Amino acid sequence: MNEPVKVRPASTVVLLRDAADAPELLMVRRNRALAFAGGFWVFPGGAVDDLDRQRAGDDEELAARFAAAREAEEEAGVAPDPAAMALVSHWTTPVPERKRFSTWIYAAQVPADTPVTIDGSEIHDFQWCSARAALQAHRAGELPMMPPTYITLCALARYASAGEAVCGERETPCPRVLPTMVPREEAEGGFLTLYPGDVGYEGGDAQAQGPRHRTVLVDGSWQYEYDCNCDSLPLYPIS
């Protein structure tokens, strides 16, 4: 029998700045050669290290804040204040994955003129864009990303300013998400990611009839499906 994959603590931070029409957030593209999420667009972040843990003592969430700030500085040259970050959500990688992370996602406001300097190693590109623009680009096949990134963009798209986003997420309960991922037979190369409340979440039967709470990969882009009959709250407010 294979040993269970160790779940590593990690964190990421959405850096937000005010712009003319809508708040913009920093997205960075991972090196295509990386084994995990190579070529995907993400927010700055990475694993919690020993120094983060030493600084935080026994406080796991504080260590995650330190890690998010450190990774943002290492990958993009931006150093947000860990204490000023708002907790957006917490995701745990599905069980079948070969690399699993327990990831805290934060949001932090930075000055509009904040310069960005990518490391050129793990990160090969960056862009500032609104959450809505990023979602549109993803749906057009231009920004490959993972479900947590997609869901986070959906959650932040409703805010009119960077400050409103940080304050709003600070006052919003933190979703703690352990998805179930199953192959989608009717879409070649696609997947379904199931969340609590979905009829197939416990048994992994994506074809079962009942409430839906899932993201579906269709033609390279994610779509979120939530049934109002679901016994679990949606991962972001749905109007």
Side-chain angles (χ1 to χ4, degrees), residues 10-31 37 39-46 52 61-62 64-91 103-140 142-175 221-222 235-237 239:
S11 61
T12 185
V13 57
V14 186
L15 300 171
L16 292 149
R17 70 178 187 182
D18 284 319
D21 298 324
E24 295 180 332
L25 45 83
L26 179 65
M27 299 199 72
V28 296
R29 182 172 64 82
R30 288 172 58 82
N31 186 338
F40 280 36
W41 287 86
V42 299
F43 309 118
D52 300 322
E61 197 265 331
L62 181 57
R65 288 176 179 270
F66 289 146
R70 174 182 53 75
E71 290 282 349
E73 186 168 17
E74 292 175 359
E75 294 183 348
V78 183
D81 178 2
M85 294 177 182
L87 180 58
V88 177
S89 59
H90 178 275
W91 291 70
T103 304
W104 305 84
I105 300 180
Y106 298 96
Q109 183 175 5
V110 297
D113 59 354
T114 298
V116 175
T117 304
I118 58 175
D119 63 17
S121 175
E122 185 173 342
I123 302 302
H124 277 194
D125 199 1
F126 78 93
Q127 63 174 291
W128 289 99
C129 59
S130 70
R132 291 185 182 277
L135 288 168
Q136 290 172 353
H138 172 64
R139 290 163 187 153
E142 299 168 3
L143 289 182
M145 62 184 66
M146 296 177 291
T149 307
Y150 171 77
I151 293 294
T152 301
L153 288 170
C154 291
L156 296 176
R158 68 188 189 276
Y159 295 112
S161 71
E164 180 184 328
V166 173
C167 290
E169 290 304 308
R170 187 173 289 123
E171 297 172 357
T172 302
C174 169
S221 65
W222 294 102
L235 298 180
Y236 61 90
S239 58

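Just so we're clear, the structure is a prediction, and the values are computed from it rather than from any experiment.
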What's the separation between atom OG1 in Thr103 and atom NE2 in His90, rounded to the nearest 0.5 Å?
6.5 Å
Could you work out, with salt bridge (Lys or Arg N to Asp or Glu O under 4.0 Å) as the rule, every residue matching Glu71, not counting sequence neighbours?
none
Would you give the length of the straight line joining atom CD of Gln136 to atom CG of Leu153, rounded to the nearest 0.5 angstrom?
11.5 Å
Minimum-distance pair of heavy atoms, taken over all atoms of Ala108 and Met85:
CB-CG, 4.0 Å
Which atom pairs, one a donor and one an acceptor, fall under 3.5 Å between side chains of residues 12-28 and the rest of the protein, sequence neighbours left out?
residue, atom, partner, partner atom, Å
Thr12, OG1, Phe43, O, 3.0
Thr12, OG1, Pro44, O, 2.7
Arg17, NE, Glu24, OE1, 2.9
Arg17, NH1, Ala112, O, 3.4
Arg17, NH2, Glu24, OE1, 2.8
Asp18, OD1, Ala162, N, 2.7
Asp18, OD2, Gln109, NE2, 3.4

Mind listing the closest non-hydrogen atom pair of Glu75 and Ile123 along with its distance?
CB-CG1, 3.8 Å
Checking side-chain contact (heavy atoms from CB on, under 4.5 Å) for the pair Ser121/Asn31: CA distance, chi angles, key distance, verdict?
CA-CA 7 Å; Ser121 175; Asn31 186 338; 5.6 Å; no
Pair Thr149-Phe40, side-chain contact (heavy atoms from CB on, under 4.5 Å): steps then yes or no:
CA-CA 10 Å; Thr149 307; Phe40 280 36; over 6 Å; no
With rounding to the nearest 0.5 Å, note down the distance linking CG in Leu62 to CH2 in Trp104.
11.0 Å
Would Gln127 and Trp41 satisfy side-chain contact (heavy atoms from CB on, under 4.5 Å), going step by step from the backbone distance to the final call?
CA-CA 10 Å; Gln127 63 174 291; Trp41 287 86; 3.6 Å; yes
Looking at every heavy atom in both Glu164 and Arg158, which two are closest together, and how far apart are they?
OE2-O, 4.3 Å
Closest heavy-atom pair and its distance - Val166, Ala84:
CG1-O, 4.0 Å
Looking at CG of Leu156 and OG of Ser130, how far apart are the two atoms once the value is rounded to the nearest 0.5 Å?
11.0 Å
Tyr150 to His138 - nearest heavy-atom pair and separation
CD1-CD2, 3.9 Å
Looking only at heavy atoms, what is the nearest atom pair of Arg29 and Gly39, with distance?
CG-O, 3.5 Å
Going from CG on Leu235 to CD1 on Ile151, what distance comes out if it is rounded to the nearest 0.5 angstrom?
5.0 Å
Roughly how far, to the nearest 0.5 Å, is CZ of Arg65 from CG of Asp81?
9.5 Å
